[in-house]
Amino acid sequence: MYGDQCGVRGLGGSNFARTNSGEFCLACQHTSMIQLGCRPWNLSLVSVIILAFSNMLLTFFLLQSENCRSGDVSHPLEANLFTEWNLGSFAQDVPTSRPCSVRSYQTVPDEEDTLMIDIRRGRWDARRLFKTFDAVLTGSGFSSLSESHLVSLATQSSVEKLHSIVQVAHHWTGPISVALYAAGDEEFDVLQKYLVYLRKCYPPIRDRVLFSLLMPKDRMPTKQPRRYELPEDVDCVKPEATLQQLVSRISSQQTAWRVQNTYPQNHLRNLARKNCQTDYVFLTDVDIVPSFNLTQGLNEFLKSANCDKCAYVIPTYELDTRVRFPYNKSELVRIAEKGLARPFHQKVFIHNQFATNFTRWVQDVKPGNKGYAYVNKGKVYVCHDVTNFEFLYEPFYVAKDIAPSHDERFMGYGYTRNTQVYEMYVAGYQFKVLSPIFTGHWGLQTKKGRPAWREKQNNFNRKHFDVFKKEVFARYMRDPLKMVKKSR
Ligand SMILES: *[C@@H]1O[C@H](CO)[C@@H](O)[C@H](O)[C@H]1NC(C)=O
Ligand SMILES: *[C@@H]1O[C@H](CO)[C@@H](O)[C@H](O)[C@H]1NC(C)=O
Ligand SMILES: *[C@@H]1O[C@H](CO)[C@@H](O)[C@H](O)[C@H]1NC(C)=O
């Protein structure tokens, strides 16, 4: 048993269950304490009341009890340990006896960075390949920000890319829902340590970000979450180097496993989306950085938006790492003219954002254009509608989160995000391009050879797409891009 050596958890958990005969009876969950068994409901209401009372009394009595039975309990899993964060080694050792307390019933301030989950529980996905845990760590301001904003940022990350969240959380000032992926004990350990670092070093993360977690069935951690302290010499201005240092200690065997096993992007996207509490969600990848003031501007814009089937596209640029993040759209367009920024994936995969029409989008920075007044004031508006939607278009957009979910049968690379956008299009969504807000991705992307594993995943997903497009056709009885006809 994990973390429950006092045997007090779950007491008082009597509930009503249905018997075979269809009558209601009183069933008791805590089999180790008292076995009440099932009695017909109509036997006597009085006996039920007496039982309930004695149950409450017993519970109260046991809660007061100081007799811990930790010695009797085997330790298949480690309990919440108080360990030093030692960058060089992973702290271990299960203490032989654990002080008895009812700590888990209270919110203890200095435990706030510890994941309060039991890895033996969690919610399975449809195919029982992954387990998810909602809200394993929640920013102190997440709930109130979700009330004061109409839109949340939803994003997902594996352990080794998580440093990108630092800049994202500084630019996006509203609520943020992050879905995390960790496979096995090594990654889970690194993740926990790095989360402590992120939350201690960066107030925007501590305040705004809600983290959820997804783990693969084949690589579930064997150790329960622990408590880590931040070492004295940690450098808060180096999020990437700090993560690198932690990740570099992950074994090559684990790294190889990750390469061979697909990253469940769509599971993570759904997990991030569904933990947002606002009506609108802006779903991105973790390395997509919102422009300054995007949150406020977008929030203002959405106050007057009244469209269930609209997807508001926010254009994405890739940025040369030598420039600073552009202060506003005018600056972005200026550096793009110098070749230091360009539409995301323009060179790698033009269809990615082609339908956004950047030729048109950049025009409003010029005086005389009808959008210029908005750009000048930094006010968000619809620059134009997408008129040439094509299959494989995958912009980052804001929409009410009643949009179709991300199909979890697509895993790894290829067909994960654009298939969801495709379904929206078939479902009748309109895509509207916003200005002067944008997002940035660090690094100009150039075409390089795809690793074999990526090609394999892409081929697998392409096959699955043949099924998916027929399902979408059946769901909406529309085939606006002639996708189903073509294949006949
Ligand atoms: C962001 O908003 C603040 C306050 O409204 C304003 O002072 C600042 O100039 C804006 N920044 C940009 C990049 O528009
Ligand atoms: C993009 O917009 C420009 C200017 O409005 C227009 O001339 C052009 O045809 C558009 N391109 C596409 C591919 O729709
Ligand atoms: C955009 O940023 C530049 C500084 O890079 C500034 O000079 C200019 O006034 C800004 N434009 C607007 C409309 O805020």
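The first residue in the sequence is number 1, and the count goes up from there. Just follow the structure's listing: the first ligand is 1, and inside any ligand the first atom is 1.
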*Working to the nearest 0.5 Å, report the span between CD of E394 and CZ of F354.*
15.5 Å
_S330 N/O to ligand 3 N/O under 3.5 Å_ = no
*Given the side-chain rings of H163 and Y194, with only the six-membered ring counted for Trp, is the space between their centroids under 6.0 Å?*
no
*How long is the span from the CD1 atom in I335 to the CG atom in D320, to the nearest 0.5 Å?*
8.0 Å
*Do the side chains of Q353 and F358 get nearer than 4.5 Å, heavy atoms only?*
yes
*Among all protein non-hydrogen atoms, which one is nearest to atom 4 (C) of ligand 2, and what is the separation to 0.1 Å?*
R360 CD, 4.0 Å
*Side-chain donor/acceptor of N299 to backbone N/O of L150, under 3.5 Å*: yes
_For N328, which part has a heavy atom under 4.0 Å from ligand 3: side chain, backbone, both, or neither?_
side chain
*asked:* Using a 4.0 Å heavy-atom cut-off, which part of R324 comes near ligand 3: side chain, backbone, both, or neither?
replied: side chain
*Might you work through the salt bridge (charged side-chain N to carboxylate O under 4.0 Å, His left out) test for R269 and D285, ending with a clear yes or no?*
CA-CA 9 Å; R269 289 182 175 127; D285 290 338; 3.1 Å; yes
*Which ligand 3 atoms are under 4.0 Å away from a heavy-atom of V375?*
13 (C)
*asked:* Please report whether atom 7 (O) of ligand 2 has a protein non-hydrogen atom at a separation of less than 4.0 Å.
replied: no
*With a 4.5 Å limit on heavy-atom distance, are the side chains of H406 and R273 in contact?*
yes
*Please state whether N388 comes within less than 4.0 angstrom of ligand 2, counting heavy atoms only.*
yes
*Subset of ligand 3 atoms that lie under 4.0 Å from at least one heavy atom of E331*: 4 (C), 5 (O)
_Give me the nearest non-hydrogen protein atom to atom 11 (N) of ligand 2 as residue plus atom name, then the distance to 0.1 Å._
N357 ND2, 3.0 Å
